[in-house]
Amino acid sequence: MEPIDTSLIDWSRAQFALTAMYHWIFVPLTLGLGLIMCIMEAIYVRTGKEFWKATTRFWMKLFGINFAMGVATGIILEFEFGTNWSNYSWFVGDIFGAPLAVEGIVAFFLEATFIALMFFGWDKLGKKTHLLSTWMTVLGATFSAWWILVANSWMQYPVGMEFNPETVRSEMVSFAAVALSPVAITKFLHTVTSSWVLGAVFVVGVSAWYMLRGRHTDFAHASIRVASLFGLIAALLTAATGHQSGVDIARHQPMKLAAAEGLYEGGTHVGLVGVGLLKPGVNWAHPEEDPFLFKIEIPCGLSMLATNTPDGYVPGIKNLLEGGYVGEDGLKAPSAEQKMAFGRKAIDALRDCKRGTDGEQTEILRENFPYFGYGYLKTPEELVPPVAATFYSFRVMVILGGYFLALFAGLLLVGKRIAAWKPALLMILLSIPLAYAASEAGWIVAEVGRQPWAIQDLLPNCAAVSKLSVCSVQTTFWIFAVLFTVLLVAELCIMLRAIAAGPEKECA
Amino acid sequence: MYDVRCTIEKFARVARGFGEAVANGVLAFFLAPEQGSRVQCETMSIRGICKFYRDGFQRMTLGRTLWCIILLKLVIIFVVLRVFFMTPYLQGTDEQKSRAVAEELTNRN
Ligand code: HEM
């Protein structure tokens with residue numbers, strides 16, 4: 001038995017989180033701003049007005065800056081898999097490799113070809129042809145996101161695979177099950193639609209700045225009109241897909257849902273907490289103590305979300321650890337202790353298989369494999385994710401989602417009169433960082449909420465991490481922190497300078 | 001009786017037609033000149049494509065700075081980080097890697 005230093009796990013996780021969150025600064029703007037510029041160019045092609053061409057070109061320039069700064073930041077995540085999470089990388093086998101390879105080949109070439117046509121082809125291609133290349137660039141980027149999200153979804157809901165004890169790898173048995181798992185579909189839709197919201201907030205925010213400065217006001221009005229209509233639709237879709245994400249986690253990751261709701265003791269007629277303040281230091285073993293200092297909730301909301309009935313049973317953290325309740329499948333849920341025992345059996349069977357395969361051990365491994373990861377846990381408490389981080393991030397995301405909806409609806413109602421209302425313009429400008437906060441908070445819910453798992457139920461972080469020295473992971477963490485800060489400052493400078501320069505004279 | 005051969009032949013004809021249409025479309029799409037949708041032979045060559053890219057790169061302004069940053073980033077990522085800091089933990093043949101991971105996974109519980 002070789003215990004893994006918990007600070008090694010923490011530093012490796014911190015490094016991955018830092019890289020993923022930095023990478024995620026660029027992705028949603030690429031997807032969101034990309035589609036807005038597609039729409040603007042379509043308006044140009046339809047109306048033939050040079051004004052819309054210049055408007056599109058301006059947003060395309062900002063798109064280009066963001067795209068260039070984001071390029072290759074995702075590769076570092078792949079390095080981290082191989083260096084810091086080597087057991088995980090090997091264990092996932094071709095399940096991770098296949099979607100990423102498809103992404104690399106198809107989407108990259110699609111994007112790389114059409115992006116050149118889009119930037120270089122303004123005076124060389126016909127209007128419609130150019131419009132098509134703009135759409136293809138954005139569709140290519142969205143298609144890339146699909147494959148990455150398929151890989152992420154598999155970690156949340158591992159389907160379409162079989163574990164091979166010979167190679168100690170997961171082997172794909174159904175590409176369709178992996179690529180089209182319900183979790184992957186919802187994740188893709190929610191991620192993409194929420195990225196559209198971010199793109200729309202960015203456009204209205206930058207336009208509000210021009211209005212505050214009294215510059216390029218026609219351009220700013222036109223951009224706000226397009227972006228707020230687009231943003232309103234996107235925000236509605238985000239809420240709908242977010243609701244479906246909630247349904248999915250209720251079904252496949254009930255502990256994440258319990259953490260996101262601060263639900264220690266489950267039951268029937270469970271309310272959905274709208275806003276609330278958690279009492280610090282609540283222990284799951286004593287749920288009789290109210291975990292909230294205060295809360296406002298929608299009665300029966302969580303029961304409705306999880307079971308589609310107002311009196312449906314939703315397990316809380318304590319129930320999930322103690323088991324004994326009847327699950328959706330009609331079976332009695334095992335306790336965490338029982339799952340840990342099954343997991344240990346599976347690991348022992350794997351050990352025996354490796355010593356010299358005999359059919360019985362393989363069978364024992366197969367039977368207990370759904371609980372494989374539980375065998376690495378020492379106490380049931382390790383199954384509880386950080387409740388406060390998950391709970392508050394969820395509220396930040398959803399409340400901001402509501403705010404963006406109101407913002408876009410308000411902008412559409414007010415129309416050009418917004419120009420006269422300076423405090424509102426300032427608020428719109430300040431909404432840009434809020435959109436990033438909502439988007440990053442979404443990932444905190446999705447990833448922190450599923451701790452301690454690297455792969456849900458199959459591999460916890462303590463088994464997934466490479467046995468490196470803590471010092472080396474700390475060193476690379478700080479190298480990345482400095483590198484990302486420098487690159488981010490560079491991007492912000494270039495982006496701000498481009499914004500300050502404003503659109504071409506046709507828009508002035 | 002259902003004629004399999006005939007169906008396959010029909011399918012092949014449709015597929016060939018579709019393939020040609022896509023190929024023509026892609027070429028036309030790539031190289032259609034501003035003036036119209038008819039593909040001109042002169043531009044429909046490798047030279048045309050190279051010229052398109054060369055002109056594009058030459059006319060770049062802000063793009064130059066962005067390309068410099070991209071290249072610098074790639075050098076840092078692939079030359080510095082990959083070689084000195086982020087080397088793959090598992091080395092050797094697949095057989096050796098699988099043995100190493102099995103060892104780890106069966107000893108950590
Ligand atoms: C309006 C109501 C919203 C609801 C009900 C909602 C719900 C959710 C849920 C339940 C998750 C976790 C999914 C999982 O763990 O698999 C999630 C994740 C996420 N959310 Fe939201 N969300 C909302 C708004 C937003 C907004 C406004 C943004 C950003 C502008 C956003 C961005 C994200 C992102 C990036 C993720 C991580 C990717 C994913 O797991 O889908 N969400 N959201």
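Throughout, a chain's letter reflects where its sequence line sits, starting with A, and its residues are numbered from 1. Since the structure is predicted, the reported quantities are computational estimates derived from the model, not experimental observations. These numbers come from the heavy atoms of this one structure, side chains and all, not from hydrogens, waters or symmetry mates.
There is no contact between A/Glu78 and chain B, counting heavy-atom distances below 4.5 Å. At a 4.5 Å heavy-atom cutoff, the contact between B/Leu81 and chain A is made by side-chain atoms alone. No part of B/Arg99 comes within reach of chain A, as not one of its non-hydrogen atoms sits under 4.5 angstrom from that chain. Heavy atoms of B/Ile76 lying under 4.5 Å from chain A belong exclusively to its side chain. The part of A/Thr476 that comes within reach of chain B is its side chain, from C-beta onward, which places non-hydrogen atoms under 4.5 angstrom from that chain. Interface remark: A/Val473 contributes no atoms to any contact with chain B (heavy atom separation under 4.5 Å). Residue contact with chain B, scored on non-hydrogen atoms closer than 4.5 Å, involves the side chain of A/Phe91 exclusively.
With rounding to the nearest 0.5 angstrom, the CG atom of B/Leu66 is 10.5 Å from the NZ atom of A/Lys61. Considering CD of B/Glu104 and OG of A/Ser86, their distance stands at 7.0 Å, rounded to 0.5 Å.
In this structure, B/Tyr89 has its ring center no closer than 6.0 Å to that of A/Phe81. Within the 6.0 Å centre-distance limit, the rings of A/Phe120 and B/Phe57 are counted as a close aromatic pair.
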Original post:
Does the pair A/Arg355 and B/Thr106 meet the rule for a side chain to side chain contact (heavy atoms under 4.5 Å, CB included), with working shown?
Top reply: CA-CA 11 Å; A/Arg355 281 194 193 131; B/Thr106 50; over 6 Å; no
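Of the listed residues B/Ile70, B/Leu72, B/Thr65, B/Leu74, the one with more heavy-atom pairs under 4.5 angstrom with chain A than any other is B/Ile70. Of the residues considered (A/Met69, A/Glu491, A/Arg497), A/Met69 shows the highest number of contacts with chain B, using heavy-atom pairs under 4.5 Å. In terms of non-hydrogen atom pairs under 4.5 Å with chain B, the most contact-rich of A/Leu350, A/Val168, A/Asn87 is A/Asn87. Top candidate by heavy-atom pairs under 4.5 Å with chain B, chosen from A/Thr167, A/Thr475, A/Leu377, is A/Thr167.
When each of B/Phe85, B/Phe84, B/Phe78 is paired with A/Phe79, the ring pair (Phe, Tyr, Trp, His ring centres under 6.0 Å) condition holds for B/Phe78 and for no other.
In this structure the side chain of B/Val80 never reaches within 4.5 angstrom of the side chain of A/Ile479, judged on heavy atoms. Counting only heavy atoms from C-beta outward, the side chains of A/Lys124 and B/Asp55 approach each other to under 4.5 Å. Counting heavy atoms from C-beta on, the side chains of B/Ile69 and A/Ile494 come closer than 4.5 Å. Side-chain contact between B/Ser98 and A/Lys354 is present, with heavy atoms from C-beta onward closer than 4.5 Å. The closest side-chain heavy-atom distance from A/Trp90 to B/Asp94 is below 4.5 Å.
Residues B/Leu105 and A/Ile347 approach most closely at O-CG2, 3.7 Å, considering heavy atoms. Contact record, B/Lys73 with A/Leu487: CD-CD1, 3.7 Å, taken as the closest heavy-atom pair. Scanning all heavy atoms of the two residues, the minimum distance from A/Ala72 to B/Ile77 falls at O-CD1, 3.4 Å.
Between the A/Thr83 side chain and the B/Met86 main chain, a donor and an acceptor come within less than 3.5 Å of each other.
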